[in-house]
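Below you'll find the structure, written out as structure tokens, and then a few comments.
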Amino acid sequence: MTNDKYVGMDVHAASTVAEVQNCSGKVIHRSMMETNAEQIKDFLRGISGTVHVTFEEGTHARWLYDTIKPVVAEVMVCNPRHNKLISSGNKSDKIDVHKLTDLLRMGGLKGIYHGDEATRGLKEATRSYRALARDCNRVMNRIKAIYRSTGIKCKGTAVFRPKLREDWVTKVVNTASGNRLGLLYEELDFLTKLRKEARGHMVKAVRRQEAYKILEQVPALGPIRIAQIIATVSSPFRFRTKRQFWPYCGLAVVTVSSSDYEVVGGKFQRSKKPIGTRGLNRNYNRDLKYVFKSAALHASTREPFKAYYDGLIANKMKSELARVTLARKIAAVTLAVWKKGEDFDAKKIAGK
């Protein structure tokens, strides 16, 4: 429309650079302001017409989205990984924001979902649990690294058990390493306590979600996995089918082809050359991929998914590929049950 205005914003901790273009691409205004909610809103309110705004996903994205959404017609938080134009050529705040505004006006940006207030509390609870779980794993790896550095084998989890720690520490001859182990064990105990508390908050939060009662019917999806799925996806209607959901979960097969058509009898005909594969897609949500792959590992030994997994193995599929295929199956079933709001039916597994 002729009255549309396109605003690109390059946001930093101290300052924000903005550019405004009209529908024909003419730059009608540039501005630099503090990264301050009131200043940014005042700037946007001063633009006439239908205002479309974009900025890249980053530390300030959630806050800025909530700040400016009420005062403009459209807000797009764009994915920096897709902005190849910005990363090419010379780089400065002025150049970057001009390219970003151009891409917004031409429809060349890919947005990142920032909606659904209903899952905001669950998102924060899930982030706390996830961060503490990773911190615990990091400390446990450091503890094992000390034992390995002194030639002590420490497979399994026995090295972390409180009742056995003293016996393990006495095996370390180096006093300095022993002191460091003591500090790491104290850190692990403290983080483990916090992780349990965070897990309790997360489970309480997810059980208040309407989708929880639906998804808990799916075998291999416990409260923790369901919490991470709902917190990450928010709404299943973001994905039209499972083929849009799989790439988001990192479970889509990347295919390559060339010379797709050939001329036969003066007419174009699709070539019969086989389509090549290049593994799974690399741009995905890592938390969801972990959720569904770990669920597949769990489900491969239990019904009703065990029969499906055994059938894949019986067809001479490698176990690694069979688990990925099972993960795709669980993801597809999860999306279908969630969207339709219906009961889980084990009989439909083979036909999904």
Side-chain angles (χ1 to χ4, degrees), residues 13 58-59 62 119-209 212 215-216 219-233 249-250 284-302 319-320 323-324 327 330:
T59 305
R62 178 78 257 181
T119 59
R120 180 69 63 83
L122 177 61
K123 285 179 183 288
E124 295 300 326
T126 303
R127 286 168 183 159
S128 295
Y129 173 79
R130 189 186 302 132
L132 287 167
R134 288 171 179 169
D135 289 343
C136 285
N137 289 337
R138 189 175 295 115
V139 174
M140 288 190 287
N141 288 337
R142 288 171 179 168
I143 290 172
K144 283 195 169 185
I146 292 177
Y147 286 116
R148 293 191 184 110
S149 67
T150 55
I152 300 172
K153 296 180 180 179
C154 53
K155 289 185 178 180
T157 60
V159 68
F160 306 120
R161 296 175 187 170
K163 294 182 179 180
L164 302 177
R165 287 178 186 175
E166 188 174 346
D167 295 336
W168 279 95
V169 174
T170 54
K171 296 179 181 181
V172 179
V173 178
N174 189 305
T175 305
S177 296
N179 293 336
R180 187 180 171 211
L181 276 171
L183 293 173
L184 287 173
Y185 277 128
E186 289 183 26
E187 183 181 6
L188 179 60
D189 290 338
F190 182 69
L191 288 173
T192 301
K193 179 183 176 182
L194 290 179
R195 184 181 64 177
K196 289 180 180 178
E197 292 179 7
R199 183 185 186 279
H201 292 312
M202 182 179 66
V203 171
K204 287 182 181 178
V206 73
R207 284 176 175 163
R208 290 194 291 265
Q209 298 288 323
Y212 178 77
L215 296 183
E216 71 173 345
L221 295 186
I224 294 178
R225 292 191 180 111
I226 294 175
Q228 295 185 67
I229 292 171
I230 297 177
T232 305
V233 177
C249 301
Y284 57 88
N285 186 288
R286 280 158 176 76
D287 295 319
L288 277 186
K289 186 170 185 176
Y290 173 77
V291 165
F292 285 116
K293 289 191 73 174
S294 62
L297 184 63
H298 175 82
S300 63
T301 59
R302 296 167 177 83
S319 58
E320 295 85 356
R323 284 195 295 270
V324 171
I330 296 173

For the student: nearest non-hydrogen atoms of [X] and [Y], plus distance:
X	Y	answer
Ala158	Trp168	O-NE1, 3.7 Å
Phe292	Ala327	O-CB, 3.6 Å
Ala227	Leu122	O-CD2, 3.9 Å
Leu221	Ile226	O-CD1, 3.5 Å
Gly178	Val172	N-CG1, 4.1 Å

- Item | Geometric class of the Tyr147/Tyr185 ring pair [parallel <30°, tilted 30-60°, perpendicular >60°] |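 Answer is tilted, since the angle falls between 30° and 60°.
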
- Message: Here's one to test your reading of the geometry: is the NZ or CZ of Arg127 within 45 degrees of the ring axis of Tyr129 and under 6.0 Å from its centre?
- Response: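 Not flagged: Arg127 not positioned over aromatic ring of Tyr129.
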
Less than 4.5 Å apart, any side-chain heavy atom of [X] and any of [Y]?
X	Y	value
Val159	Leu164	no
Met202	Ser128	no
His201	Glu124	no
Val206	Ile230	yes
Leu288	Val233	yes
Leu191	Arg195	no

Looking at [atom1] of [X] and [atom2] of [Y], how far apart are the two atoms once the value is rounded to the nearest 0.5 Å?
X	Y	atom1	atom2	answer
Ile224	Arg199	CD1	CZ	4.0 Å
Leu184	Asn141	CG	CG	11.0 Å
Ile229	Ile330	CD1	CD1	9.5 Å
Asn137	Leu188	CG	CG	9.5 Å

Inter- and intrachain pairs under salt bridge (charged side-chain N to carboxylate O under 4.0 Å, His left out), touching [range], at least two apart:
range	answer
residues 146-162	none
residues 130-144	Arg130-Asp287, Arg134-Asp287, Asp135-Arg138
residues 169-191	Arg165-Asp189

- Task: Apply side-chain contact (heavy atoms from CB on, under 4.5 Å) to Thr232 and Val291, showing your working.
- Result: CA-CA 11 Å; Thr232 305; Val291 165; over 6 Å; no

- Message: So for atom NZ, which belongs to Lys293, do other residues, nucleotides or ligands contribute more than 12 heavy atoms lying within a distance under 6.0 Å?
- Response: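 No, NZ of Lys293 has 12 or fewer neighbouring heavy atoms, counting only those of other groups under 6.0 Å.
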
- Would you say Glu166 has more than 12 foreign heavy atoms packed within less than 6.0 Å of its CD?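 Not buried by this count: 12 neighbours or fewer within 6.0 Å.
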
- Task: Would you check, one step at a time, whether the test side chain to side chain donor-acceptor pair (under 3.5 Å) holds for Ser300 with Arg323?
- Result: CA-CA 7 Å; Ser300 63; Arg323 284 195 295 270; over 6 Å; no

